[in-house]
Amino acid sequence: MCGIVGAVAQRNIAEILIEGLRRLEYRGYDSAGLAVISDFKISRLRRVGKVSELQKAIEENPIDGSIGIAHTRWATHGEPNETNAHPHFSNDTIAVVHNGIIENYESLREELKLQGYVFTSDTDTEVMAHLIERERKSSDSLLSAVLKATKLLKGAYGTVVMELANPDCLVVARSGSPLVLGKGIGEMFIASDQLALLPVTRQFMFLEEGEVAEVTRRDVKILAPDGSVVEREFEETTVQHDAGDKGKFRHFMMKEIYEQPDSINSTLEGRLAQDSVIIESFGNRAPELLDKVEFVQIIACGTSYHSAMVAKYWIESMVGIPCQVEIASEYRYRKTVVCKNSLFISISQSGETADTLAALRIAKEQGFLASLTICNVPGSSLVRESDMAFMTRAGAEIGVASTKAFTTQLTGLLMLAVALAQTKKSLPQEEISNIIQELRTLPNDIKHALEMDTTIETMAEEFNEKEHCLFLGRGEQYPIAMEGALKLKEISYIHAEGYPAAEMKHGPIALIDENMPIVVIATKKGHYEKVVSNIQEIKSRKGKIIGIVTEGDKDVRELADHVIEVPETIESLTPLLTTIPLQLLSYHIAVLLGKNVDQPRNLAKSVTVE
């Protein structure tokens with residue numbers, strides 16, 4: 001959940017490090033720092049707050065060098081302050097930046113203290129710095145020292161190490177936290193996300209689990225955990241950096257909300273035949289493997305978990321096979337029973353979500369038929385380690401609150417449900433053709449839904465000085481209600497909960513009064529009459545109702561205080577359309593309350609630690 005950048009070159013790399021951090025700030029923004037070797041010493045600058053504070057410090061106290069490391073932090077061990085900011089030193093000779101959590105840092109810390117090492121921070125990372133410095137005394141190279149030190153660590157780390165005595169190389173190590181190497185002309189770069197390096201290179205190489213590497217200006221030497229040399233080539237990325245600025249929008253989140261028609265169109269492109277889904281879109285072996293599937297297990301976290309819940313409705317109704325959905329952090333720590341011919345599906349925007357990745361690795365030992373990931377980042381760990389991968393093509397998503405990543409996940413999962421139905425022949429061809437045609441019009445339908453933006457902005461005033469909100473939906477709209485509540489919580493800090501509409505009377509109805517806004521998804525497709533009855537129950541208790549309805553609706557309009565219309569479509573596609581006004585509503589409420597929409601407190605974009 002932090003950002004790492006490193007570089008070894010012949011030119012001054014301070015500005016490259018700063019720009020890389022700026023592009024990774026969505027991963028952590030409690031503090032930032034950098035260190036470079038110059039004038040026969042390691043010079044370091046650290047600041048609390050955003051990367052802009054570090055930029056100011058560089059302008060006031062210029063430092064330059066041709067080798068350096070940098071970090072933007074999301075605090076796990078130790079409060080956000082300058083002392084705890086990275087990079088961390090050991091005896092002014094070793095500098096370290098680190099993502100992840102070292103679980104045995106306390107015992108290592110006590111051991112190192114007894115050996116005379118002095119700690120100046122509360123972080124687990126400083127333990128790594130001292131441990132590497134200790135191992136360096138009995139090693140013939142920094143690479144060897146890092147390899148020995150990492151064998152003593154328990155937990156997750158993506159780390160870059162710099163040594164004063166060796167000012168022409170960096171050493172990197174990866175276990176559970178991603179690192180990517182970038183190749184320039186006579187220079188090398190390192191980052192926790194290739195997004196940071198796109199301005200300086202298109203040639204990338206990903207470190208695999210447990211590997212350690214020595215990086216110089218012209219060469220990379222990779223060692224496997226057993227010390228053997230690994231041969232790997234750099235590859236040119238196809239990723240396009242489309243999120244470098246906000247354009248005409250005030251925030252990245254709003255920009256990304258408005259990008260959804262294009263991102264969904266990209267997700268569909270080349271994957272639909274005239275009246276079917278191209279099954280090979282999920283991998284070359286997909287036709288063979290999907291034909292054998294008798295059970296589906298989906299694991300995910302956060303927003304991705306909500307997309308998985310919607311997919312459960314689709315798979316069971318269209319395909320007629322059982323589908324189980326579980327939060328990854330729960331799945332990985334309980335005993336599970338794997339059904340015969342089960343497909344294991346992981347969903348993650350980043351492809352590096354720690355719990356999801358750990359669950360996949362466990363699943364690979366449990367006898368699943370195959371694994372499939374729905375992911376937005378080519379080359380990420382989930383993509384590399386799964387048997388099949390479906391790339392959502394949402395493009396870089398900078399806003400911490402997921403928007404276009406969510407709707408492209410839904411698009412991909414609906415296509416998967418249809419692909420399974422085609423393989424199993426569980427739906428009439430006429431129905432499949434109808435879904436395909438509606439998918440083709442989906443980007444335009446979303447554009448139409450976005451036209452409610454100005455109306456929704458006015459409705460946001462209903463939430464001024466409100467502290468709680470309920471979101472209600474039935475069937476496929478229940479997970480969308482949960483997602484709407486999550487968005488409001490994430491960026492406005494208003495307490496919100498998503499419930500199945502009928503479950504309201506089993507407890508939540510006690511909360512309803514004239515001060516409680518209730519957002520109800522009541523589209524014509526999906527238990528409409530039942531939801532209208534729920535709205536009448538809310539109305540009788542003076543709740544403030546915001547209805548998400550199908551265009552032309554009259555019944556809900558008569559009952560609700562506010563109505564937001566979405567285009568009419570088939571039932572399976574309605575979750576993609578009702579999501580849009582919920583995103584817009586949360587956004588405008590947060591702006592009205594003066595919150596930091598793109599970087600909400602305590603949150604970071606990629607959760608690469610437990």
Side-chain angles (χ1 to χ4, degrees), residues 175-176 178 206 208-210 267 271 277-302 304-305 307-312 314-316 319 321-393 405 408-421 423-424 606-608:
S175 179
F206 290 90
E208 299 294 347
E209 189 70 9
T267 301
R271 290 164 165 172
V277 169
I278 298 172
I279 298 177
E280 287 81 1
S281 303
F282 297 90
N284 292 334
R285 296 185 60 206
E288 165 202 350
L289 292 171
L290 295 188
D291 184 52
K292 298 176 182 177
V293 173
E294 298 177 17
F295 184 92
V296 175
Q297 171 72 61
I298 311 180
I299 56 97
C301 302
S304 298
Y305 174 69
S307 69
M309 290 180 67
V310 177
K312 175 182 172 69
W314 288 334
I315 291 170
E316 293 195 340
V319 190
I321 61 175
C323 177
Q324 180 169 303
V325 176
E326 192 161 357
I327 293 172
S329 57
E330 291 296 314
Y331 181 90
R332 66 180 291 197
Y333 286 118
R334 73 175 184 86
K335 291 183 178 180
T336 57
V337 177
V338 178
C339 297
K340 181 182 177 182
N341 290 328
S342 293
L343 175 65
F344 184 90
I345 301 176
S346 61
I347 309 174
S348 168
Q349 187 283 138
S350 68
E352 302 292 351
T353 307
D355 286 316
T356 307
L357 186 55
L360 169 63
R361 290 169 179 165
I362 292 168
K364 292 173 76 171
E365 304 297 323
Q366 292 179 318
F368 279 89
L369 171 69
S371 59
L372 164 69
T373 189
I374 310 290
C375 185
N376 188 41
V377 180
S380 60
S381 296
L382 279 173
V383 172
R384 298 197 308 274
E385 296 185 28
S386 296
D387 299 315
M388 299 178 286
F390 181 92
M391 307 313 303
T392 55
R393 302 174 182 168
T408 53
Q409 285 174 356
L410 288 176
T411 303
L413 287 163
L414 179 55
M415 293 170 68
L416 174 63
V418 174
L420 282 164
T423 302
K424 303 288 187 182
S606 301
V607 185
T608 56

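All heavy atoms count here, side chains included; hydrogens, waters and symmetry mates do not.
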> Rounded to the nearest 0.5 Å, what separation is found between the CE atom of M388 and the OG atom of S281?
Replying inline: 12.0 Å
> Atom CD1 in I279, atom CG in N284: separation rounded to 0.5 Å?
Replying inline: 13.0 Å
>> side chain to side chain contact (heavy atoms under 4.5 Å, CB included) for F295 and Q324? Distances and angles first, verdict last.
In response: CA-CA 8 Å; F295 184 92; Q324 180 169 303; 3.8 Å; yes
> Short question: side chain of K424, backbone of I321 - any donor-acceptor pair under 3.5 Å?
Replying inline: no
> If you round to the nearest 0.5 Å, how far is CZ of R384 from CG of L382?
Replying inline: 9.5 Å
> So which pairs with a foot in residues 368-379 pass side chain to side chain donor-acceptor pair (under 3.5 Å), sequence neighbours left out?
Replying inline: S346-T373, Q349-N376, S371-D387, N376-T392
>> On a heavy-atom basis, which atom in S381 and which in E352 lie closest, and how many Å separate them?
In response: OG-OE1, 2.7 Å
> Rounded to the nearest 0.5 Å, how far apart are CD1 of I362 and CG of L357?
Replying inline: 10.0 Å
> Which atom names give the shortest non-hydrogen contact between A370 and L343, and what distance separates them?
Replying inline: O-CD1, 3.5 Å
> Which atom names give the shortest non-hydrogen contact between F368 and V338, and what distance separates them?
Replying inline: CE1-CG2, 3.6 Å
> Who pairs with N341 by side-chain hydrogen bond (donor to acceptor under 3.5 Å, both in side chains), at least two apart in sequence or on another chain?
Replying inline: E294
>> If I compare all heavy atoms of A354 with all of R332, which pair ends up nearest, and what's the gap?
In response: O-NH1, 4.2 Å
> For L416 and I345, what are the C-alpha separation, side-chain angles and deciding distance, and is it a side chain to side chain contact (heavy atoms under 4.5 Å, CB included)?
Replying inline: CA-CA 11 Å; L416 174 63; I345 301 176; 3.4 Å; yes
>> Any non-hydrogen side-chain atom of T356 less than 4.5 Å from a side-chain atom of I299?
In response: yes
>> Could you report the tightest heavy-atom contact between A421 and V319, atom names first, then the distance?
In response: N-CG2, 3.9 Å
> Roughly how far, to the nearest 0.5 Å, is the CD atom of E326 from the SG atom of C301?
Replying inline: 11.0 Å
> Do any N or O atoms from the side chain of R271 and from the backbone of T267 form a donor-acceptor pair under 3.5 angstrom?
Replying inline: yes
>> Donor-acceptor check, side chain of S386 to backbone of V383, threshold 3.5 angstrom: yes or no?
In response: no
> If you count the non-hydrogen atoms of other residues, nucleotides and ligands that lie under 6.0 Å from CZ in R285, is the total more than 12?
Replying inline: no
> What are the two closest non-hydrogen atoms of A308 and L413, and how far apart are they?
Replying inline: N-CD1, 4.3 Å
>> Below 30° counts as parallel, above 60° as perpendicular, anything between as tilted: where do the rings of F282 and F390 land?
In response: parallel
>> What I want to find out is whether E316 reaches K312 closely enough, with some N-O distance under 4.0 Å, to be called a salt bridge.
In response: yes
